[in-house]
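Whatever order the structure lists them in is the order used to number ligands and atoms, beginning at 1.
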Amino acid sequence: MSLDGSYDAGNIFAKILRGEMPAVKVYEDEHVLAFMDVFPQAKGHTLVIPKQSSARNFLEEAPDVIGPLMLGVQRVARAVRAALNPDGLVITQFNGAPAGQTVFHLHFHIIPRWEGVPLGRHAQGMADMDELKVLAAEISAKVG
Ligand code: 5GP
């Protein structure tokens with residue numbers, strides 16, 4: 001899906017928001033939901049999505065959603081750092097399939113990085129659910 005098109009309410013993140021699909025949740029408030037990526041590119045790979053949104057990407061998002069969303073991204077990123085002590089942290093977001101986007105509900109990736117540990121491949125290799133739950137609990141405990 002390119003930058004042109006319309007929001008599909010059947011996308012996987014919309015289903016997670018409606019409770020129709022499970023997710024290993026890390027943090028939630030009235031504006032954002034954070035949960036573990038099931039195909040993590042690194043240990044602790046977390047996604048943050050806006051709750052009140054029908055934006056496929058950053059360009060489409062309503063301006064009043066952006067502020068609370070970015071505060072949520074920062075809050076969760078700080079918790080990831082506090083829980084996992086990475087050497088670095090990638091915060092990224094893709095717009096359109098040619099840019100690497102595979103799920104078309106706006107989302108931010110928080111990906112911890114450690115010296116000498118290569119980044120895993122994007123959206124491949126399913127995580128162990130029990131391990132994700134442990135990581136989610138560790139991160140959740142550090143949300144300020
Ligand atoms: P994108 O490629 O659109 O930037 O990112 C989508 C992300 O969602 C990928 O990193 C992929 O691993 C993740 N993902 C895809 N399907 C699911 C799912 O059902 N549950 C969760 N938690 N993550 C998913």
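- Within the 3.5 Å criterion, the main-chain N or O of Y7 finds no donor-acceptor partner in the side chain of S54.
- For a threshold of 3.5 Å applied to N or O pairs, the pair formed by H45 and ligand 1 contains no separation below that value.
- Looking at heavy atoms from C-beta onward, K43 lies out of side-chain contact with P112 at the 4.5 angstrom threshold.
- Contacts with ligand 1 closer than 4.0 Å are made by side-chain heavy atoms of H109 only, the backbone lying farther away.
- For H107, every heavy-atom contact with ligand 1 shorter than 4.0 Å involves the side chain, none the backbone.
- Of the N and O atoms on the side chains of Q41 and H122, at least one donor lies less than 3.5 Å from an acceptor on the other residue.
- For a threshold of 3.5 Å applied to N or O pairs, the pair formed by I12 and ligand 1 contains no separation below that value.
- Checking only distances, L47 never comes within under 3.5 Å of ligand 1, N or O to N or O.
- Both I110 and V117 are part of a single hydrophobic cluster, where members link through side-chain heavy atoms under 4.5 Å apart.
- For ligand 1, the polar-atom distance check against V103 finds a nitrogen or oxygen pair separated by under 3.5 Å.
- Between the side chain of H105 and the main chain of L17, no donor-acceptor pair closer than 3.5 Å is present.
- Not one N or O of Q101 is nearer than 3.5 Å to an N or O of ligand 1, by distance alone.
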